[in-house]
Protein chains: 2
Amino acid sequence: MRISSRFTIAIHIFACIDTFGDTCKVTSDFLAGSTNVNPVIIRKILGQLKKAGLIEVARGTGGTTVAKPLGEISFLDVYHAVECVGKGDLFHFHENPNTNCPVGRNIHHILDDRLLQVQNAMEEELASITLADLKKDTEKYLDENNL
Amino acid sequence: MRISSRFTIAIHIFACIDTFGDTCKVTSDFLAGSTNVNPVIIRKILGQLKKAGLIEVARGTGGTTVAKPLGEISFLDVYHAVECVGKGDLFHFHENPNTNCPVGRNIHHILDDRLLQVQNAMEEELASITLADLKKDTEKYLDENNL
DNA sequence: ATAAGATGTAATAATGATAGTTACATCAAA
DNA sequence: TTTGATGTAACTATCATTATTACATCTTAT
């Protein structure tokens with residue numbers, strides 16, 4: 001199972017706001033054009049990012065802006081905004097192990113700590129990367145390739 | 001998106017083989033009973049674990065055994081056996097960003113490194129845990145709870 | 001040999017999440 | 001009040017997971 005494309009779309013959205021926000025009004029249609037994703041999907045993701053306090057969306061007049069400095073928005077913030085994976089919920093457990101079996105009775109409790117350990121490692125890595133880091137990556141890449 | 005229950009089922013299977021392997025023949029029906037998962041699903045997972053060289057399954061006569069010492073089987077080995085997530089493939093990218101847009105044209109290349117960094121962090125954590133560790137966890141748990 | 005018990009696997013269905021699409025109510029500003 | 005945008009409901013298509021039935025195949029014991 002892979003993590004849904006909502007995450008990479010969301011990152012793409014931030015990159016667009018940062019790149020075009022000064023010169024254009026960044027609307028859901030504009031973002032749909034850049035990502036090549038349906039505008040309704042974009043609006044749904046914008047709604048999730050807005051709910052998480054990461055962006056502001058202008059009702060009526062239209063257009064999206066970033067709500068905080070890029071250095072204060074981590075990949076984890078974005079991930080949590082668009083992907084609803086609760087604590088200890090990254091791994092899907094088989095629902096009803098047999099409680100009459102000594103293994104079935106205890107496996108969930110014993111394994112949960114280890115699964116959480118893995119999820120935490122992943123989330124800590126997501127937390128360590130900010131949108132400002134990605135912006136630096138971008139500038140470096142464009143510079144190195146004379147773009 | 002969550003990681004499929006095949007992983008926790010596979011771990012459960014190893015726990016059963018370790019617990020019951022000496023006294024019973026561990027068949028797919030036996031495992032289906034302990035996990036409360038359909039026998040055909042169990043056989044499919046057994047096939048994946050077998051293909052990865054982690055277990056041996058006796059054709060005809062039936063029964064499953066572990067192919068290596070538990071300390072030499074990591075969570076990552078099990079994960080890779082049952083979950084086919086290739087390198088840089090944990091995050092699902094939106095397929096066709098607009099190449100006429102400077103953001104759309106470069107986002108994939110720039111983001112890929114960071115996504116791989118996150119995937120690697122997760123896989124390294126999975127690699128750091130062995131089935132022997134889990135066995136120790138289990139013994140500790142049973143001991144502490146007088147089971 | 002063959003019967004018994006197990007694995008391997010094809011085929012089908014149910015379920016749930018993702019993603020696309022149409023349609024429309026709502027909103028803010030010109 | 002018109003215009004252009006957001007917010008959302010409703011419906012669909014697609015895909016992965018999981019369950020289930022059915023059966024060919026294999027190994028051992030009788």
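Reminder, nothing fancy here: chain letters follow the sequence lines and each chain counts from 1.
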Quick tally for nucleotides 19-30 of chain C: nucleotides whose base has a protein heavy atom under 4.0 Å get B, sugar-phosphate-only ones S, the rest -, giving SBBB---BBS--
Closest heavy-atom pair, A:Pro102 versus A:Asn106, reported as atoms and distance to 0.1 Å, is O-ND2, 3.0 Å
The ring-ring contact (aromatic ring centres under 6.0 Å, His included) partners of B:Phe93 (sequence neighbours excluded) come to B:His108
Residues at least two apart in sequence or cross-chain that pass salt bridge (charged side-chain N to carboxylate O under 4.0 Å, His left out) with A:Arg59, listed by chain then number, are none
Atom CD of A:Glu56 and atom P of D:dG7 are separated, to the nearest Å, by 12 Å
Numerically ordered, the residues 12-32 of chain A set in heavy-atom contact under 4.0 Å with DNA chain D is A:Lys25, A:Thr27, A:Ser28
According to a hydrophobic-cluster definition based on side-chain heavy atoms being under 4.5 Å apart (Ile, Leu, Val, Met, Phe, Trp, Tyr only), do A:Leu116 and B:Ile3 belong together? no
Within the 4.5 Å heavy-atom criterion, are B:Leu115 and A:Thr8 side-chain neighbours or not? yes
Quick note, side-chain hydrogen bond (donor to acceptor under 3.5 Å, both in side chains) partners involving residues 30-45 of chain A, not counting sequence neighbours, are A:His12-A:Ser34, A:Ser28-A:Arg43
B:Ile42 atom CD1 is separated from D:dT20 atom P, nearest whole Å, by 12 Å
To the nearest angstrom, the CG-C1' distance between A:Leu49 and D:dT6 comes to 15 Å
CZ (B:Phe91) and CD1 (A:Ile11) are apart, to the nearest 0.5 Å, by 9.0 Å
Once you apply a heavy-atom cut-off of 4.0 Å, does A:Gly47 come out as touching a base, just sugar-phosphate, or nothing?
nothing
The salt bridge (charged side-chain N to carboxylate O under 4.0 Å, His left out) partners of A:Arg2 (sequence neighbours excluded) come to B:Asp89
When rounded to whole Å, the CD to P distance for the pair A:Glu83 and C:dG16 reads 18 Å
